[in-house]
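Below: the structure, in C-alpha cells.
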Amino acid sequence: MRNRCYYILLLAFLSLLAKAQEPNHLKIDSLNSSYDEHSPVLSPDGQTLYFTRVGHAANIGGVLDRGDIWLSRKTKSGWSRPEHAGKTINHPGLNGVVGFSADGQRMYLLNYFDPNGNGGGNMRNGIAVSRLENGEWSTPERLRIRYFSNDSPHISATINPEETVLIMAIRSYESEGNEDLYVSFKQADGEWSQPENLGNTINTYGEEWSPFLAADNETLYFSSNAHGGFGGRDIFMSKRLNGSWKDWSKPTNLGGAINTKGTERDYFIPASGTMAFFSSTQNSEGYGDIFNFPLSQAEKAFQQIEAEVDEPQVETEIVPEKEKSIVVMTFQVLDKRTEQPVDAQVKFTYGDKEIALKTADIDSENKHFVLSLEEGANVYVAIEAEGFLKYQETFVANASVQGVGNEFGGSTVETFYLTPEEVGTKVKIENVLFNRASSSFANPEVAMKQLDQIVQMMKSNPGMAIRLEGHTDNRGDAKLLKELSVERVKRVRDYLIDKGIEAGRVEYVGYGGEQPLTDNDSATGREINRRVEFVIIR
C-alpha cells in the first residue's frame with residue numbers, strides 16, 4: 001500500500017531538530033509583557049500581528065477577562081508597541097484570531113459573539129467571522145456549524161485560506177477524553193458540516209489544542225500534553241494520509257529547537273516569510289510570551305515536495321498492562337442561568353470509593369476544587385443544591401495539567417451546570433434538529449444524546465413536570481407551520497415516554513412561527529427561531 005506524503009526532506013528536517021540541543025527561540029520583546037500572551041496570527045499582507053493577551057486592565061472584562069485580541073504593526077525597526085484591537089471584535093470572554101481569507105478581507109475569530117448575551121458562557125456559538133469594511137472590522141457574525149457543541153471552557157481553531165476547512169479543538173460528542181481536534185467543511189449553502197473527530201492517532205484522553213493547518217491542507221500542527229515530549233505541552237506535526245481527514249501519520253514532536261520543559265502552543269506559519277510564530281512559557285517574564293522560529297530550508301521544502309513511498313509494515317507488539325495511575329482533575333458547579341458558583345453538595349463514586357464535599361466550604365471566589373482520581377475510572381457524580389434540580393452524570397477520569405485558572409497552561413475545569421428548580425424556567429434543547437418539512441430527526445444520534453440528558457434529569461427529579469414547546473420560522477402557511485411544530489414536539493415527547501418518563505409529566509404545544517426570538521430575514525435568524533424548548537411547570 002502506498003501513501004502520498006512529504007518524505008524526501010522529512011528525514012533531513014527531523015535530523016536538524018534532533019541535533020538541536022538548545023531551544024532556537026527568538027523572543028519578540030516589543031510584544032511581550034508580564035501578562036499572558038498567546039495565539040499569534042499574522043495578517044496575509046504580513047503587516048499586522050494579532051495575538052491574545054490575558055489579564056490586562058484594558059481588556060473588555062478587565063483583569064478577570066479570559067483574553068482579548070491585541071495587535072502590533074510591522075515597522076522598519078520591528079514590531080510596534082501592542083494596542084488593544086477594540087470592542088467590536090472583543091467581549092468579556094475568550095477572544096482570539098483563528099485565521100484570514102486569502103485576500104485578508106475576512107477575519108475568523110474565537111468569538112461566541114451574541115449582542116443579546118444569550119448562550120455565550122457555554123461557547124455554543126463557537127466561531128465567528130468579521131469583514132473589513134472601510135478599513136474597520138465589522139461586528140462578528142456566528143458561523144452556522146451544524147450540531148456544534150463544546151462542553152469545554154477551552155476552544156481554539158484554524159481555517160485554511162480558501163475558507164473551506166475548519167479544524168477546532170473542542171470537547172464534543174465523539175471526544176473520548178478532554179479536548180479533541182474536529183474538522184468541519186463549508187457547504188454550498190454557506191453552512192458548515194457537523195464537526196468530525198480526527199481520530200485516535202491525533203486525539204488522546206489528554207488535551208489536543210491550538211491546531212494549525214498548513215497551506216498544503218495536509219500538514220497539521222497542534223499542541224498536546226499526551227503524546228510525550230519535553231514539557232507540560234509540546235507542539236507536534238502530523239500528515240493526512242490517503243486523502244482522508246481521519247487517517248493521519250503518527251504525530252512527530254518538533255523537537256528541542258522549539259519545545260521546552262515549559263508549555264508550547266499556537267504554532268503559526270505565515271503564507272510567506274522566513275519565520276514561524278508560537279507561544280511559550282519557557283524563560284518568559286510572565287505566563288506565555290510570543291516567539292519567532294526561523295523556518296529552515298528543509299522545513300520549507302518538506303511542505304512543498306511530494307514523493308511516493310511505501311508504507312512501512314508495523315509489527316504488532318504485546319504491550320504489558322500499565323499500572324493504574326492517578327490523575328488530577330479540577331471541577332466547579334455553576335448556575336446554568338448566571339454561570340455563578342452554586343453552594344452544592346457533591347458526591348463522587350467510583351469502584352468502592354466515595355468522595356463527598358460541600359462547595360460552600362471551599363475558600364475561593366470561583367469555588368474550584370481539585371480531586372485525585374484513578375485514570376480511566378468511570379466516575380458517577382450526584383449533585384444537590386437548594387433551589388436547583390438534582391444533577392447526575394457519569395464521566396471518565398482523564399489526565400489534565402495542574403494549574404487551576406490559567407487558560408494558557410493550566411488544567412481544564414470540568415463544569416457541572418445546575419438548572420434552577422423554578423416553575424416557569426425555560427430551557428432550549430440544543431441540537432435537536434429536524435429534516436425539512438418533516439418531524440423526523442435530521443441526525444437521530446445527536447438528537448437522542450441531547451434528549452437522553454433530559455430523560456436523566458427527569459428521572460433524577462421525579463416530581464418535575466415539563467411542557468415541550470415547538471417553534472418554526474415563518475416561511476410558509478401559518479396553519480401548516482403550526483401543525484408541523486406540533487408534530488415535531490410530539491416526536492420529542494414520544495421519545496421521552498419511550499425512555500420511561502410518565503406521559504402525565506410531559507405536556508406539549510406547537511406555536512409554529514408565532515413566537516420568533518429574532519427576525520426571519522436571514523438564514524441565521526431562521527435557524528435560531530426553529531427550536532424546541534421545555535418549560536418547568538411543576
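Once rounded to the nearest 0.5 Å, the distance linking CG of L254 with CG of D234 reads 8.5 Å. Within the model, atoms NZ of K347 and OG1 of T349 stand 6.5 Å from one another, a figure rounded to the nearest 0.5 Å. To the nearest 0.5 Å, atom CD of residue Q345 and atom NZ of residue K390 are 10.5 Å apart. For the atom pair N90 CG and N95 CG, the distance stands at 4.5 Å (nearest 0.5 Å). Atoms CD and CD1, on E533 and I429 in that order, are 8.5 Å from each other to the nearest 0.5 Å. Taken to the nearest 0.5 Å, the CG atom of L451 stands 13.5 Å off from the CD atom of Q456.
Looking at D36, its side chain does come within 3.5 Å of a backbone N or O of G288 through a donor-acceptor pair. Of the possible polar contacts, none joining the S210 side chain to the F222 backbone as a donor-acceptor pair under 3.5 Å is found. In this structure, N378 contributes its side chain and G376 its backbone to no donor-acceptor pair below 3.5 Å. S30 contributes a side-chain N or O that, together with a main-chain N or O of W79, makes up a donor-acceptor pair within less than 3.5 Å. Listed for the N203 side chain is a donor-acceptor partner under 3.5 Å among the backbone atoms of L181. Put simply, the side chain of S223 gets close to the backbone of E264: a donor and an acceptor are under 3.5 Å apart. A donor-acceptor distance shorter than 3.5 angstrom exists from the side chain of S193 to the backbone of F185, with no hydrogens or angles considered. Panel note: side chain S175, backbone E179; no donor-acceptor pair is recorded below 3.5 Å. Side-chain atoms of N59 never come within 3.5 Å of backbone atoms of G67 as a donor-acceptor pair (strictly under, hydrogens ignored). With hydrogens and angles disregarded, no donor-acceptor distance shorter than 3.5 Å links the side chain of N150 to the backbone of S172.
Closest heavy-atom contact between K367 and A360: NZ-O, 3.7 Å. Of all heavy-atom pairs spanning D343 and A385, the tightest one is O-CB, 3.5 Å. Closest approach of S279 and S39 over heavy atoms only: OG-N, 4.0 Å. The two residues Y221 and A214 have their closest heavy-atom pair at CE1-CB, 4.3 Å. Closest of all the heavy-atom pairs between G99 and I159 is CA-CG2, 4.0 Å. Nearest approach of P82 to L31, heavy atoms of both residues: CG-O, 3.7 Å.
In this structure, E354 places its CD atom where more than 12 heavy-atom neighbours from other residues, nucleotides or ligands lie under 6.0 Å away. By the 6.0 Å contact criterion, NZ on K449 is enclosed, its count of non-hydrogen atoms from other residues, nucleotides or ligands being greater than 12.
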(request) Take T219 and M237 through the test side-chain contact (heavy atoms from CB on, under 4.5 Å) and record every step on the way to the result. (result) CA-CA 7 Å; T219 307; M237 180 274 295; 3.7 Å; yes
(request) Could you walk me through whether F388 and T419 pass side-chain contact (heavy atoms from CB on, under 4.5 Å), step by step? (result) CA-CA 6 Å; F388 292 87; T419 300; 5.9 Å; no
(request) Evaluate side-chain contact (heavy atoms from CB on, under 4.5 Å) for L110 paired with V98, printing each intermediate quantity in order. (result) CA-CA 6 Å; L110 298 176; V98 171; 3.7 Å; yes
(message) Under the criterion side-chain contact (heavy atoms from CB on, under 4.5 Å), I'd like the reasoning laid out for T425 against V535: C-alpha separation, chi angles, the key distance, then a yes or no.
(response) CA-CA 6 Å; T425 296; V535 180; over 6 Å; no
(request) Go through the steps to decide whether Y350 and Y380 satisfy the test ring pair (Phe, Tyr, Trp, His ring centres under 6.0 Å), and finish with yes or no. (result) CA-CA 6 Å; Y350 67 101; Y380 168 78; over 10 Å; no
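Under the 30°/60° scheme for interplanar angles, the aromatic rings of H84 and W70 are found to stand perpendicular. Note: F293 and F278 have perpendicular aromatic rings, judged against thresholds of 30 and 60 degrees for the angle between ring planes. Classified by interplanar angle (parallel below 30°, tilted 30° to 60°, perpendicular above 60°), the ring pair F268/F277 is tilted.
Residues V129 and L109 form no side-chain contact, since every pair of their non-hydrogen atoms from C-beta on lies 4.5 Å or further apart. In this structure the side chain of S460 never reaches within 4.5 angstrom of the side chain of M457, judged on heavy atoms. At least one side-chain heavy atom of H38 sits less than 4.5 Å from a side-chain heavy atom of V54. The shortest side-chain heavy-atom distance between P140 and M107 does not fall under the 4.5 Å cut-off. In this structure, N292 and I28 have side chains that are in contact, with non-hydrogen atoms separated by less than 4.5 Å. Side-chain contact between V333 and V346 is present, with at least one heavy-atom pair separated by less than 4.5 Å. In this structure the side chain of K426 never reaches within 4.5 angstrom of the side chain of F534, judged on heavy atoms. N253 has its side chain within reach of N259: a pair of non-hydrogen atoms, C-beta onward, lies under 4.5 Å apart.
Two rings, from F100 and Y50, have their centers less than 6.0 Å apart.
Of the N and O atoms on the side chains of Q47 and S43, not one donor lies less than 3.5 Å from an acceptor on the other residue. Between the side chains of Y108 and T158, no donor-acceptor pair is found at a separation under 3.5 Å. If you check the side chains of S101 and D103, you find a donor sitting under 3.5 Å from an acceptor. Judged purely by distance below 3.5 Å, without hydrogens or angles, the side chains of Y182 and E196 never pair a donor atom with an acceptor atom. Inspection of the Y391 and E393 side chains reveals an N or O donor paired with an N or O acceptor under 3.5 Å. If you check the side chains of N443 and Q194, you find a donor sitting under 3.5 Å from an acceptor. Defined by atom type and a distance below 3.5 Å, a donor-acceptor pair is present between the side-chain atoms of N160 and T164.
The pair E207-R233 meets the salt-bridge criterion, with a side-chain N (NZ, NE, NH1 or NH2) lying under 4.0 Å from an Asp/Glu carboxylate O. A salt bridge does not link R53 with E83: every distance from a Lys NZ or Arg NE/NH1/NH2 to an Asp or Glu carboxylate oxygen is 4.0 Å or more. Ion pairing between a basic and an acidic side chain is recognised when a charged N comes within 4.0 Å of a carboxylate O; K27 and D289 show such pairing. At a threshold of 4.0 Å, the pair K186-E163 does not count as salt-bridged, since none of the basic side-chain nitrogens sits closer than that to a carboxylate oxygen. By the 4.0 Å N-to-carboxylate-O rule, R531 lies too far from E469 to be salt-bridged with it.
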